[in-house]
Each structure stands twice: as C-alpha cells, then as structure tokens.
Participant: 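Have a look at this one before I ask anything.
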Amino acid sequence: MTIKIDIGAPGESYPALIGAGLLEQLPHILDEYAPSYRYAVISDDRVGPLYARALVERCRSSGKKAELYSFPAGEISKSRKNWSKLTDGLLDAGYGRDTSIIAVGGGVAGDLAGFVAATFLRGVPLVQVPTTYLAMIDAAIGGKVGVDTRAGKNLVGAFYPPKCVIADPNVLATLPDDQRSAGLVEAFKHGAILDAEYYDDLRSNVGLLLSADPEAVKVAVANSIRLKGEVVTQDELEDGYRQILNFGHTLGHAFEAASSYSLGHGAAVAAGMVMEAELGERLEVTESGTTKALSSGLEDLGLGLETLPELDPELVMSFLNSDKKTRLGRPHYVLLRRVGEVEDAGGWSREVPESLVREIIYSLLAPKSLI
C-alpha cells in the first residue's frame, strides 16, 4: 500500500509517495505529476547501473523519450563544474522547456540534478527519486537544491520544489550498511527536535531499520516526511520555523568541510547533534541528560563523537563563520529544550558565545586533534 503525504510549496503542494515497488510504476507516476515531451534522468555512476538505467528503459518502453546523464559519485561532485557539464550536455542535445529532470540517487544527486532543473532555461519540472535513507528522509523533501563551494557546503543554490518525490523502500536493499546508519541520523534528528515518541520508536526498531525491512522503512520514512513536511509547509523559504531542521548541522557542516568532505554527512551531523546538545546544556537551555540520551541513541547507529576523524579545531571554527546559517557574520545554533522539543527564545536559532563553542570543540576533539 502506497502512503501519500502532501507537502506545501510556493504556489502549490507536491506529493511524497512511499511504497515498495513504486519504481516499477514510474511511467504512470510521470504521466500524472510530470507529463513531458522528454526526460533527462540524472544519476551518479554508482546508482546509475543499479536503478537509473532501468528507469530510462521503463520510460522508453512506455513510449517516452528519456536519456541518462551521469556524474562521478561522491560529495565532491556536487559542484558548479558538474552543474555546468550537465546543463551544457542538455543544451547540446537540444532539450527544451518541454523537458522534465528526474533525479535518481542520494542527496548529492538530488541537490545537483535539482539545481540543474531550477536553472535550466530558468526552470523545468523536477522529479525526485531518492535511493538512500538520507535522501528519502531529508534531502528530497523541502525543495532545497544546490552545490558546494570552496567556502563551504550548499552555499550556492535555490528553493525549487519537485513535482513529486518517489520513495521506494526496496532500493535500500543495495545500500551499504554504513550509509543506512548515516541516513537514519536525519530521522533521529526529526525525533529529537519534534517528536520524542518517534525518537523512542526509532531506537526500538533500529535493528529492522538497519536491515532495511521494507515495512519498517515505509513507516519510518513516512513519519519523517510527515514531520519535515509540516515544518516546510509552515516556512517554505527558511525565514523562521524551518531553521529547527538545522539542528546539528551548523557544526556538522563545519566538520564535513574541515575533513575536505571525506567525512560523510550523517556521521558529521550525528557529532554535531551531540555537540550542539552539549552547548545547550552548558547554557542551561537544554534539559540535563539530553546530550547523553542523544549520544546513546546515535551509538545504536554506530555513530557519534567516536566516529569523527582527526580534525583541526581551528579549521572547524573557520568554517563555522562561512556557514550559510550565519547572521551578521555570526553562526547560529538550534538548541533543544529536551528530546522532542526545540527552544524558542524569540527565534528558532541563536548566537552562542564563540568562546564556549571553541571550548567545547577543543575539549571534544582534543584527543583527535592534529595540533
């Protein structure tokens, strides 16, 4: 049975469809939500042979014009260089405004292909087909697309909602174990900021989720999409409430950048969540014991501070100041009251004394420090 969740967006809502076997129905879904003369399927060279080629063949078998465009797998490929290659490739092949872009893959594919869709001929329809936990639960939902730069992650992009999101739990069977763990971090984040009962359910079902049990996956993905969808519907352009989704990401993005993106997003955000909870406790905003509860839950996934590589604390600090969540040149942090609830002190994110941030980074990274 397919679950459908409508997500608000500027001008109109779009559906997220969650159900086993949905990829086999792709041509019919396209007819309903993104009818076009021509389709460009964009995927990386790892997911392409697994799923994207088959989707192209399904489209062609149903009489649709479809071609596959590929790029090298990995966060390093989410760049303006690859955006340029893809858009130039579409222009050279004569694609027009009667085109739809289908993004197939994880968060990198969704962000990069989405940015192509947002900018190609000033915007053509986009369909998101996430193939990882991270993309299903988070990256494909909410309409953020973009690329990384030398200064940091996601600093060039747009808000560009898709026509639909198609999440098929069956694809997670081919996902490596470490990527399942990393992707589930975002689900734990949703529970941490919005729903303590959901957080507890995730911990109770973590074994089923790590083994990609289709029914457990469908329920968890639907719950996370529902929670994130409620947030982005209220604040589509991240002017206020949507900032709560950045919990763990201010520090997490700095860890990623300081590692030259060798550190995965999930592992970075897991560590960021723990450290930002510690910030809240030190400021007496966050209930005592919250950091321990988050750390324990993330350890169920095999993630947390212990999985961080060696990082230079001062390099981490430098990337904090270039993060896209800065205000007046200063980084802002989302702080919890407790698991399941975010602190609102006249705004959903706030400045924190730099000295305290530096103290926590040094104290928690010191055993791994290069200095």
Side-chain angles (χ1 to χ4, degrees), residues 138 142 144 151-155 185-186 188-194 196 199 227-228 231-232 234-235 237-259 263 265-295 297-298 303-305 308 311 313-365:
D138 187 65
K144 286 185 179 181
K153 186 171 178 177
N154 299 325
L155 296 181
V185 168
E186 294 289 348
F188 274 65
K189 180 200 74 177
H190 292 148
I193 62 175
L194 290 166
Y199 183 84
L227 289 170
K228 183 170 183 180
V231 173
V232 301
Q234 292 183 53
D235 180 17
L237 301 181
E238 203 171 19
D239 294 323
Y241 185 50
R242 184 170 174 161
Q243 293 171 20
I244 70 171
L245 297 172
N246 290 325
F247 175 60
H249 285 62
T250 300
L251 280 167
H253 282 173
F255 295 148
E256 285 183 270
S259 75
L263 179 65
H265 180 74
V269 170
M273 287 168 60
V274 174
M275 283 197 180
E276 290 179 24
E278 177 70 15
L279 275 175
E281 288 199 36
R282 297 272 191 103
L283 292 167
E284 298 184 343
V285 168
T286 304
E287 187 177 276
S288 178
T290 300
T291 304
K292 183 177 180 180
L294 286 180
S295 181
L298 293 166
L303 295 171
L305 295 178
L308 280 179
L311 296 173
E314 283 305 317
L315 187 58
V316 173
M317 291 297 300
S318 72
F319 280 110
L320 285 173
N321 293 321
S322 63
D323 189 86
K324 63 183 173 63
K325 297 177 286 300
T326 58
R327 300 290 188 274
L328 300 177
R330 300 183 183 90
H332 277 55
Y333 300 83
V334 175
L335 302 179
L336 300 180
R337 287 185 180 173
R338 58 186 64 85
V339 172
E341 186 178 357
V342 172
E343 167 72 7
D344 176 17
W348 295 104
S349 66
R350 58 187 283 179
E351 288 183 45
V352 170
E354 183 177 306
S355 59
L356 178 58
V357 177
R358 178 176 272 105
E359 178 186 334
I360 288 178
I361 287 176
Y362 268 88
S363 66
L364 295 178
L365 291 184

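One-based numbering along the sequence shown. Because the structure is predicted, anything quoted here is derived from the model rather than measured.
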Participant: What class does the angle between the rings of W348 and Y241 fall in, given that below 30° is parallel, 30 to 60° is tilted and above 60° is perpendicular?
Facilitator: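 If you compare the ring of W348 with that of Y241, the planes turn out perpendicular.
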Participant: Would you name the heavy atoms of A258 and V316 that are closest together and state the gap between them?
Facilitator: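 Taking every non-hydrogen atom into account, CB-CG2, 3.8 Å.
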Participant: Compare all side-chain heavy atoms of V342 with those of V334 and state whether any distance is below 4.5 angstrom.
Facilitator: yes
Participant: Under the criterion side chain to side chain contact (heavy atoms under 4.5 Å, CB included), I'd like the reasoning laid out for L305 against M275: C-alpha separation, chi angles, the key distance, then a yes or no.
Facilitator: CA-CA 8 Å; L305 295 178; M275 283 197 180; 3.9 Å; yes
Participant: What verdict does the side chain to side chain contact (heavy atoms under 4.5 Å, CB included) test give for E359 and R282, after you've listed the backbone C-alpha separation in whole Å, the side-chain angles of each residue and the deciding distance to 0.1 Å?
Facilitator: CA-CA 11 Å; E359 178 186 334; R282 297 272 191 103; 3.1 Å; yes
Participant: What's the spacing between L227 CG and I193 CD1 if we round to 0.5 Å?
Facilitator: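 Those atoms lie 8.0 Å apart.
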Participant: Give the C-alpha distance, both sets of side-chain angles, the deciding distance and a yes or no for salt bridge (charged side-chain N to carboxylate O under 4.0 Å, His left out) between E186 and K228.
Facilitator: CA-CA 10 Å; E186 294 289 348; K228 183 170 183 180; over 6 Å; no
Participant: To the closest 0.5 Å, what do you measure between CD1 (I361) and CD (E314)?
Facilitator: 8.5 Å
Participant: So how far is it from L251 CG to M317 CE, rounded to the nearest 0.5 Å?
Facilitator: 9.0 Å
Participant: Just verifying a value: how many Å separate H265 NE2 and K153 NZ, rounded to the nearest 0.5 Å?
Facilitator: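 One gets 5.0 Å once the value is rounded to the nearest 0.5 Å.
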Participant: Please round to the nearest 0.5 Å and tell me the distance separating atom CG of L279 and atom CG of L335.
Facilitator: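 Rounded to the nearest 0.5 Å, the CG-CG separation comes to 6.5 Å.
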Participant: Step by step, would you call L336 with E276 a side chain to side chain contact (heavy atoms under 4.5 Å, CB included)?
Facilitator: CA-CA 8 Å; L336 300 180; E276 290 179 24; over 6 Å; no
Participant: Using only atom types and a distance under 3.5 Å, with no angle test, would you say the side chain of K189 pairs donor to acceptor with the backbone of L245?
Facilitator: yes
Participant: Of the non-hydrogen atoms in V269 and F247, which two are nearest, and what is the gap between them?
Facilitator: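 It is CG1-O, 4.4 Å.
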Participant: Heavy atoms only: give me the nearest L283-P353 pair and the separation to one decimal.
Facilitator: CD2-CD, 4.3 Å
Participant: Would you mind reporting whether H190 and D138 have side-chain heavy atoms less than 4.5 Å apart?
Facilitator: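 Sidechains of H190 and D138: in contact.
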Participant: Side chains of I244 and D344: closer than 4.5 Å at any heavy-atom pair?
Facilitator: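 Side-chain contact under 4.5 Å: no.
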Participant: Using modelled atom types and a 3.5 Å cut-off, is there a donor and acceptor pairing between side-chain atoms of T250 and backbone atoms of Y333?
Facilitator: no
Participant: Quick one: closest heavy-atom pair of A271 and F255, and the distance?
Facilitator: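 Of all heavy-atom pairs spanning A271 and F255, the closest is CB-CE1, 4.0 Å.
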Participant: Which heavy-atom pair separates V274 from S295 by the least distance, and what is that distance?
Facilitator: CG2-CA, 4.1 Å
Participant: Which heavy atom of L294 sits nearest to which heavy atom of A277, and what is that distance?
Facilitator: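 Nearest heavy atoms, L294 then A277: CD1-CB, 3.8 Å.
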Participant: Is a side-chain donor or acceptor of E281 paired with a backbone partner of T290 at a separation under 3.5 angstrom?
Facilitator: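 Indeed, once roles are kept as given, a pair shorter than 3.5 Å links the two residues.
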Participant: Ignoring hydrogens and angles, tell me if any N or O in the side chain of R242 forms a donor-acceptor pair with the backbone of G142 under 3.5 Å.
Facilitator: yes
Participant: Classify the side-chain pair H249/E256 by whether it contains a donor and acceptor separated by less than 3.5 Å.
Facilitator: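 Result is no, nothing qualifies.
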Participant: Before you tell me yes or no, could you show the steps for E354 and R330 under side chain to side chain contact (heavy atoms under 4.5 Å, CB included), namely the whole-Å CA-CA distance, both residues' side-chain angles and the distance that decides it to 0.1 Å?
Facilitator: CA-CA 9 Å; E354 183 177 306; R330 300 183 183 90; over 6 Å; no
Participant: Nearest 0.5 angstrom please: E351 CD to H332 NE2, how far?
Facilitator: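 One gets 4.5 Å once the value is rounded to the nearest 0.5 Å.
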Participant: Are the side chain of S318 and the backbone N or O of L315 linked by a donor-acceptor pair below 3.5 Å?
Facilitator: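 Between the backbone of L315 and the side chain of S318 there is a qualifying donor-acceptor contact (under 3.5 Å).
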